[in-house]
Structure formats: C-alpha cells, structure tokens
A.B. asks: 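So that we are looking at the same thing, I have put the structure below in structure tokens.
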Amino acid sequence: MKQEHKIFQGKTLGILSGGGDTPAINSSIEAVRNRASFLGYKVYGIGKGWKGLLGEGEVVDLTNQRYDGWYGGTALGSSRTNPFPSKKNPENRVPQILRNLERYKIDVLVTIGGDDTNGAAKRLYESEGIPVIGFPKTIDNDLRTRTIFHNDGKEIESVLCPGFPSAAMSIAELTASLRTTAESHSRIIVLEVMGRDAGWLTGTASFGGATLGLIPEMEITRERKVVLFESIREAYMKSRKKCLVIPVSEGVRWFDEKTGKVDVVYASSEVDEYGHPRFGGISGIIASEITRKLGIEARAQISGYYARSGPCSPYDRRLTETLADKVADLLLREDYGQMPVMKVMVSYEELEEFNTSSIDMGTIGNKPLPGDYYNVEKFSFTNAYFDFLSLILGKPNLEVFKYDFPVVKPA
Ligand code: F6P
C-alpha cells in the first residue's frame, strides 16, 4: 500500500514536562502526541524536563505507543532543572541542550510547564532559534492565561491551567470529607493548601463547604489578625454543628508575635534552580493560635501533594485535548514561542478549539487571585469565584448531617 504523505513526515517533535507534576500531564502528552503523529511527526518524550537533554540525554519514542492519559503525574518524569545559570547552579547548560537536540534530530519542542519551564523555552527560542510551543500546567492556576470569565455583565481576567481542575476537585472533596470529623469533635480544622503565592486552589475549598479562607494575596498583619479571630469566632458560633474547616494557603503571610514581623512559613531554607523556596507549616501555627486565643479546639491538616496526585478529572481531560487542538494549529502555522490558552472560561461542553487562543510564552508571568474573587473584609471567597468554579466543578458538596434528635431531659 502506498504510504500517505503527511505534512510533517520526516520531522521529529519532542515533548518534555518540567516543574511540579499535576494529574493532567499525561493527558496533555497523549493529546499532543496524537495530534503531532497525525500531522506526520515522529514523537519523542524527553525524560525529567530539561534534565533529559543534558549529558547523553534521556529520550523515548512515543510514536504509536500505547499511552494512558487518565493516569496522573507524568510518565516522562519531571524536574526543576534550569537550562540557564542560576544561583543554585551557575553552569550554562544551553550548549548541552543544543547538542542533544541536534543528536536526537528534534525539530520542534513542546514544553509542558509553568512560568519557569516555558520561560526557559521562550529564552531558547529567542536566543537560539529553537522552535518551541509551550503548554500550560500547574495546580496553582497562576499563569497569566488571560482567560476571560463573563460574570454579571463584568469581564474578569482569570486563569485556567490544566491540572487545576483536577486539583480543585480533590481539595473540594477533601474539605467536604474533613467536615464530618470536624463536626464529630466540634473542632476547627485548618487545612493547608498548596498554591505558592496564589490563592486560586485554596478557594476551591469553598466548594466543599468552607466559609472562611486565607490566601497569600492578603497579608495578615497585627491589626488584620484581631479582625480575623473575631470572624472565626463568629463563624464557629453560627455553624450548625460548631465546627469549621478553614483552608489556608501555604504561602499566607502571617504576623508573628515573637518577631513582630509578617512573613511566610518556610518548609526548608533550600531554593530550587529557579529561586523558589518551599513553603509549609502555617496551618500548625494558625491552629494553635486559634486554640490559645479563642479556646476552641483546633487541628492542622496539610493537604500537600494530595492535590497534585491521582487521576485526571474529566474536565482536565477535555481541556488538555482542546488545548492540544490549538497546538496542532500552531504547528501547522509554524507559529512558535506561543502557548495555547482558553480565551474564555467555559463549561465542560464548551471546551472547543474555537474558544482557544494563543499567547506569547514570554508573558505568562504570575497572576494572583483577582480581587473580584476574594472579600478581604470577610476573609471569604465571593459568589463570582463560586460561579467561576461551578463551570469546572458543577455543584458544590455542602451536605450536612440531615437529622436533629429530640433532647431528653431527666425525669
Ligand atoms: O507549583 C506547584 C507546587 O505544587 C506548589 O503548589 C508547591 O509550592 C510546590 O509545587 C511544591 O514543590 P515540590 O514538588 O518541590 O515540593
């Protein structure tokens, strides 16, 4: 049978994933691989982000291989390796990367990552002319994707990154589950949530019934702390079963009475090759202050990697497929240095290529949770954020134990 000629026959596309994993990376790899193969590319997977292009290289052939895009994490592995010199690693690894792209005859690179991985890719495109296309990924949902959410006649510049919908589902479900143990002990559970400098993920706890929450975008100064504790007491007393789950971002900036300073709580003094420290431990501090100041029993729970783990959600699956359609379009137009994004915030059914667009990979920076989504006076997430989340998550889980029993008095 005569071989059908495909437009990119004889060319090779490499895919790599860098930074923290998410449940939607395998889905992104599979979706990009399928479309690129259809266009005629041989598709290679590069192991452990940029690290797989150092030394002898770590490259596998993904063309025509079976793949499970529903499985979480990344089958290619990931790292926070920076091709460019950093404080942690002063070596310039760009020559090694160029050498390996040449050795493995990779013509185009698709880099699945956040600001760091895609920022480095963009630099390689600009300084070395490497054809790259970025693919968004982060549970933090803080890349500037410029996704517009139309709400109540207003246009809110929002973010929608693959990985966030699955993580959002996990945090909402975890919050709803924790409520039953909090109810049983009339406790406050302070739930620490990943997200680095942004509160997008923390806010998803409102879908599991959390009424209050703390995010990195709002500093908790000495004065704000007084108001906060009053709000916690009030919310606790108003709650039906005298219990609360309070989600707090790992990157919350908190007034420390001992030092008299406002700062985040670091998990270690180490930074990665992009200069990021690791946060962790704020929930324990807040829980013990609640017990001490309000006399209410409080416990800390760190959700940590739970948000990042597990399978891809249906919304994420379709989102990655839709964005991969846009990658195919960018490949056909040989429009490099770009990243596909959703132009508007839509429900599962409307995740279609006509709702996508592409943006310059050099401009994806960090986008904090917009003021429209958080009420600083009430320490709570707004109805607008609830509406935003309902497009991804459907209905919230606000279920409580339904029955009240008559109180028996002694005879
Ligand atoms: O950026 C994703 C993220 O999960 C952040 O929310 C978190 O601060 C960080 O990665 C944790 O990184 P690591 O995998 O190095 O512990």
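Counting starts at 1 for both ligands and their atoms, in listed order. These numbers come from a predicted model, not from an experiment.
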A.B. asks: Which is it for Asp272 and Lys88 under the salt bridge (charged side-chain N to carboxylate O under 4.0 Å, His left out) test, yes or no, and what are the steps along the way?
C.D. replies: CA-CA 7 Å; Asp272 67 18; Lys88 192 164 182 189; over 6 Å; no
A.B. asks: Counting only heavy atoms, tell me which of Asp140, Thr138, Asp115 gets closest to atom 2 (C) of ligand 1.
C.D. replies: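 The option holding the nearest heavy atom is Asp140.
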A.B. asks: Within ligand 1, which atoms have a heavy atom of Glu250 less than 4.0 Å away?
C.D. replies: 5 (C), 6 (O), 7 (C), 8 (O)
A.B. asks: Decide side-chain hydrogen bond (donor to acceptor under 3.5 Å, both in side chains) for Glu349 and Ser347; before the verdict, give the C-alpha distance in whole Å, the side-chain angles of both, and the deciding distance to 0.1 Å.
C.D. replies: CA-CA 6 Å; Glu349 291 74 23; Ser347 67; 3.3 Å; yes
A.B. asks: Any atoms of ligand 1 less than 4.0 Å from a non-hydrogen atom of Gly195? List them with their elements.
C.D. replies: 6 (O)
A.B. asks: Flag the pair Leu53 / Leu16 as yes when at least one side-chain heavy-atom distance between them is below 4.5 Å, and no otherwise.
C.D. replies: yes
A.B. asks: One residue to check: His276. Relative to ligand 1, which of side chain, backbone, both or neither has a non-hydrogen atom less than 4.0 Å away?
C.D. replies: neither
A.B. asks: Can an N or O of Arg80 be found at a distance shorter than 3.5 Å from an N or O of ligand 1?
C.D. replies: yes
A.B. asks: Which bit of Ile139 gets closer than 4.0 Å to ligand 1, counting heavy atoms only: side chain, backbone, both or neither?
C.D. replies: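 Just the side chain.
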A.B. asks: With a 4.0 Å cut-off on N to O distance, would you call Arg253 and Glu219 a salt bridge?
C.D. replies: yes
A.B. asks: When you measure from atom 11 (C) of ligand 1 to every protein heavy atom, which one gives the shortest distance, and what is it?
C.D. replies: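 Here the closest protein heavy atom is Arg308 NH1, 3.6 Å.
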A.B. asks: Hey, is Lys225 close enough to Glu223 for a salt bridge, meaning N to O under 4.0 Å?
C.D. replies: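 Looking at Lys225 and Glu223, the cut-off is not met.
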A.B. asks: Assess the residue pair Gln96 and Glu56 against the criterion (side-chain hydrogen bond (donor to acceptor under 3.5 Å, both in side chains)); give the C-alpha distance rounded to whole Å, side-chain angles, the decisive distance to 0.1 Å, and a yes or no.
C.D. replies: CA-CA 9 Å; Gln96 290 184 64; Glu56 284 309 298; over 6 Å; no
A.B. asks: Ligand 1 versus Tyr305, non-hydrogen atoms closer than 4.0 Å: side chain, backbone, both, neither?
C.D. replies: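 The part of Tyr305 near ligand 1 is the side chain, not the backbone.
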